[in-house]
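The next block holds one structure in the form of C-alpha cells; read it before the comments.
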Amino acid sequence: MKQAKANVPMLEITDLVKEYPGGLRALRGVTLNVTEPQIVAVIGSSGAGKSTLIRCINRLVEPTSGSVKLGGQELTTLNRSDLRKARSHIGMIFQEYNLVERLTVMENVLSGRLGSVSLWRAFRRNYPPEDVANAFELLDRVGLTGRQDDRADALSGGQRQRVGIARALMQKPNLLLVDEPTASLDPKTSRQIMRLICELAHESGTPALVNIHDVALAQASADRVIALNDGNLIFDGAPGDLTPEVLNDIYGEEDWSATIRKDDDDAENAEPEAPAKQAKPPSRNGTVGK
Ligand code: ADP
Ligand code: MG
C-alpha cells in the first residue's frame, strides 16, 4: 500500500473531461498530480465541478475523456471486476454520511471491508477477527469507544461522520475521496471532523482529496489547495498563497479580509469561535449520482 514508488505519482489526473448528457461540461480538461500523501482541498463555488471531479476518480461518474491513474494503474479503462477491486482501496467520505441507519456502528464500520471480504462472509456477518479488532481500534481513534452496538440512527451528525471516517479507513485506502464532509455540521463540529480526517490521513500516509466550501477551514487544514471554476482548474498551490485576488477569481467580488487565515491564527486554539465567514452557503446541489 501507499509505498508510492519513486517517480510514480500516487494520483495522476490528466486532461479529465466530463460532459453530462445534454452537453453540460462539468470538467473541461483538469490535470492534477498528487505525488505525496497530502491533504488536497478542492474549493470552488457551487456547480464548479468539485463533486464531479471526485466522482470521476472512482467512476461513480464516468469520465468522458482523459486519464486517472492511481499508483500507476489506469482506472478509466478498468472492467467492472477490476474496477471493484480498485474501488476497494479508495475510501470515500460523504456529506450525508451514507450509513445504513438501522445497522449498528460496528456493522457500518465493518462494511468498509465489503469490497475485500467475500459476500458470503459479510452476509453471515462473519468478518475475520483481525477486521473486528481493527474496527474497534478505529472506533477508539475516532472517539466512539463503547458505541459499537448503537444503531447508526441513534447518533448525532458529528458521530455519524466519525463512523463514516472509520468505515473509509477500514478499507486501508490508497486514496481518500471526501465530498463536503462538514456541510451538514455546525462550525465547531466541522472543525473537529476536518481535523480528525486530516490527522488520520496523515497518520496512515493516505493522500486525500477533500471538497470543501469553507475557505478558512480549507486553509487551516489542507497541505495544498486547488480551485475549480466552471470545470477549469484555476489555482493549485499552498494554502497561504490564496490571495483575495485568487478568491475573487473563484467566487467573485467579496471582502476576503475576514476569511483569509492569518499566519498568526492558531487553529487549535480557535475554538470556541464564531462561525467562520463562509464563501458561499453550503452547496446543496452537489449530490451527483446519489
Ligand atoms: P460542485 O460539486 O462543485 O457543486 P458538481 O460537480 O456537482 O459541482 O456539478 C458541476 C456541474 O455539473 C453543475 O453545473 C451541475 O449542475 C452539473 N451536474 C452535476 N451532476 C449532474 C448530472 N448528473 N447530470 C447533469 N448535470 C450534472
Ligand atoms: Mg458538490
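Both counts, for ligands and for their atoms, begin at 1 and track the order of listing. The residues of the chain are indexed from 1 along the displayed sequence.
- Of all the heavy atoms of Pro21, none lies under 4.0 Å from any atom of ligand 1, so neither backbone nor side chain is involved.
- Ligand 1 places these atoms under 4.0 Å from at least one heavy atom of Ala26: 10 (C), 11 (C), 12 (O).
- Near Ser45, with a cut-off below 4.0 Å to any heavy atom, the atoms of ligand 1 are 3 (O).
- Considering backbone and side-chain N/O atoms, Ala48 comes within less than 3.5 Å of an N/O atom of ligand 1.
- Distances between N or O atoms of Lys50 and those of ligand 1 include at least one value under 3.5 Å.
- Ion pair Glu101/Arg160 flagged as a salt bridge, since at least one NZ, NE, NH1 or NH2 atom sits closer than 4.0 Å to an Asp/Glu carboxylate oxygen.
- Short contacts between ligand 1 and Ser46, defined as distances under 4.0 Å to a heavy atom of the residue, involve ligand atoms 4 (O).
- With Asp186 contributing its side chain and Lys188 its backbone, the two residues share a donor-acceptor pair below 3.5 Å.
- At a threshold of 4.5 Å between non-hydrogen side-chain atoms, the residues Leu53 and Ile226 count as touching.
- Of all atoms in ligand 1, listed by their number and element, those nearer than 4.0 Å to a heavy atom of Thr52 are 5 (P), 6 (O), 9 (O), 10 (C).
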Starting from the C-alpha separation in whole Å, work towards a yes-or-no answer on side-chain hydrogen bond (donor to acceptor under 3.5 Å, both in side chains) for Thr145 and Asp140.
CA-CA 5 Å; Thr145 307; Asp140 283 347; 2.8 Å; yes
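- Put simply, the side chain of Thr206 does not reach to within 4.5 Å of the side chain of Gln171, judged on heavy atoms.
- Closest heavy-atom approach to atom 10 (C) of ligand 1 among the candidates Gly47, Gly231, Cys56: Gly47.
- Near Ser51, the atoms of ligand 1 lying under 4.0 angstrom from a non-hydrogen atom of the residue are 1 (P), 2 (O), 6 (O), 7 (O).
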Walk me through it: do Glu12 and Ser67 pass the test side-chain hydrogen bond (donor to acceptor under 3.5 Å, both in side chains)?
CA-CA 8 Å; Glu12 190 175 12; Ser67 159; over 6 Å; no
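- Here the closest heavy-atom approach between residue Leu16 and residue Leu27 is recorded as O-CB, 3.7 Å.
- Residue Ser46 does not count as close to the Mg ion (ligand 2), with no N, O or S atom under 2.8 Å.
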Show your working on side-chain hydrogen bond (donor to acceptor under 3.5 Å, both in side chains) between Glu96 and Ser184 and close with a plain yes or no.
CA-CA 7 Å; Glu96 301 294 348; Ser184 305; 3.3 Å; yes
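- In Leu24, the part holding a heavy atom less than 4.0 Å from any atom of ligand 1 is the side chain.
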